[in-house]
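Everything below concerns the one structure shown next.
Each ligand, and each atom within it, is numbered from 1 in the order the structure gives.
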Amino acid sequence: MPCPLCDDTGWKPVESAGHPVRRVERCDCWREGLGRQRLADAGIPRRYQHCTIANFTAYNESLERAAEKARQIAGAFPSAGKGLFLEGPPGVGKTHLAVAVLKQVVSTTGARGLFYDTRDLLRVIRSTYDASIHTTELDVLRPVMKADLLVLDDLGAEKTSEWVEETMNLIVNTRYNERRLTVFTSNYPDIPDDTDPDSLLFRIGHRMRSRLHEMCEFEAMDGGDYREMPANGGIDDLITLWKTRRKQSLPSRAGRQARAQLREPSVRDGKADLKWPGGRAGS
Ligand SMILES: [Zn+2]
């Protein structure tokens with residue numbers, strides 16, 4: 001059945017009262033078609049394709065806050081000032097929300113959206129250095145830098161090296177300078193400790209972290225791992241998983257502090273002093 005508004009021309013007449021000249025504008029069906037095409041091109045992995053903000057289960061305050069922020073950013077596009085950085089342990093729904101924002105923006109506005117797992121992206125860029133592959137680094141980087149909305153999933157998962165840092169800084173800085181919106185997810189908590197190998201700062205470095213704070217709002221998400229949910233499980237199972245996880249994470253954090261305190265007296269300890277030849281370690 002042809003479109004009742006435009007008869008499949010993609011242009012619909014605009015009625016303007018008392019105006020003798022008939023005008024046309026892009027039809028709704030054209031915008032929807034474009035949105036569908038752009039969505040298909042966005043590279044969203046199959047297992048996240050069903051994700052929307054409406055079907056995200058928020059069963060605690062941190063998840064409600066994150067969902068609300070996702071709703072705001074998706075609704076305000078393209079005038080949303082800042083992007084979004086979702087941090088939290090695996091399985092709390094960070095990628096779900098990031099994909100949901102991407103899907104809503106692309107399907108309602110027809111904007112160019114792109115999803116990349118950070119490690120996949122780096123692997124693809126690296127593969128272009130192989131002479132037998134006929135894509136260049138720029139072929140891969142251009143759409144990443146130019147996308148109206150980019151999701152970079154699992155930031156910090158790749159072990160840092162000078163090359164990784166340079167590549168990521170190029171992508172992030174270009175998008176920042178061009179005022180393009182980016183949504184990040186990361187399993188690494190944003191704690192200001194660059195000696196803790198599990199901190200975001202340790203994984204991505206000071207320069208990148210401060211740039212991310214300029215361009216994104218940070219939302220820390222806490223919850224159970226939905227992948228551990230029993231088949232046919234529900235919200236109660238998630239809450240149980242969340243509570244168990246909290247109990248497990250508290251002792252390990254307390255343990256880290258206890259170990260730090262143990263280290264101190266041992267340095268002042270007489271026996272330790274005797275064994276210590278003086279001077280800096282390794283000198
Ligand atoms: Zn139409």
Side-chain angles (χ1 to χ4, degrees), residues 1-58 64 66-84 86 93-117 120-121 124 135 138-153 171 174-185 215-217:
M1 206 176 68
C3 173
L5 294 174
C6 72
D7 198 23
D8 284 353
T9 61
W11 296 94
K12 65 175 179 182
V14 188
E15 305 292 334
S16 42
H19 210 276
V21 185
R22 270 169 64 93
R23 292 190 307 118
V24 291
E25 65 176 26
R26 278 301 186 185
C27 186
D28 309 354
C29 72
W30 179 84
R31 213 171 298 283
E32 282 159 22
L34 179 68
R36 268 196 302 276
Q37 187 52 53
R38 291 268 157 90
L39 204 55
D41 295 340
I44 299 169
R46 188 182 281 272
R47 70 184 173 116
Y48 293 110
Q49 279 175 3
H50 70 285
C51 297
T52 63
I53 299 173
N55 68 21
F56 177 76
T57 316
E64 273 161 23
E68 182 49 35
K69 192 61 76 183
R71 206 172 288 123
Q72 279 173 18
I73 286 179
F77 188 89
S79 51
K82 279 188 162 189
L84 185 58
L86 299 168
K94 302 181 298 292
T95 309
H96 180 127
L97 275 187
V99 166
V101 171
L102 182 67
K103 275 179 59 182
Q104 185 178 324
V105 165
V106 172
S107 58
T108 56
T109 67
R112 271 174 227 277
L114 195 57
F115 177 99
Y116 254 115
D117 173 88
D120 280 349
L121 174 61
V124 173
T135 9
L138 202 59
D139 290 336
V140 178
L141 282 174
R142 198 183 290 113
V144 172
M145 297 194 291
K146 295 269 180 202
D148 301 311
L149 175 58
L150 173 72
V151 171
L152 268 185
D153 197 33
I171 293 169
T174 306
R175 297 190 57 80
Y176 174 79
N177 290 332
E178 308 280 330
R179 295 173 167 275
R180 297 203 172 98
L181 209 68
T182 313
V183 177
F184 300 88
T185 78
M215 62 194 281
C216 289
E217 302 211 33

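- Protein atoms of type N/O/S that fall under 2.8 Å from the Zn ion (ligand 1) number 4 in this view.
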Discussion item. side-chain contact (heavy atoms from CB on, under 4.5 Å), that's the test. Do Ile73 and Leu181 meet it? Break it down for me.
Written reply: CA-CA 9 Å; Ile73 286 179; Leu181 209 68; 3.7 Å; yes
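- Between the side chains of Thr52 and Asn55, a donor-acceptor pair is found at a separation under 3.5 Å.
- Between the side chain of Arg71 and the main chain of Val101, no donor-acceptor pair closer than 3.5 Å is present.
- At a threshold of 4.0 Å, the pair Lys12-Asp28 counts as salt-bridged, since one of the basic side-chain nitrogens sits closer than that to a carboxylate oxygen.
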Worksheet item: Are Leu86 and Leu84 close enough, and set up right, to give a side-chain contact (heavy atoms from CB on, under 4.5 Å), and what steps lead you there?
Response: CA-CA 6 Å; Leu86 299 168; Leu84 185 58; 3.9 Å; yes
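- One N or O on the side chain of Asp148 and one on the backbone of Arg112 form a donor-acceptor pair closer than 3.5 Å.
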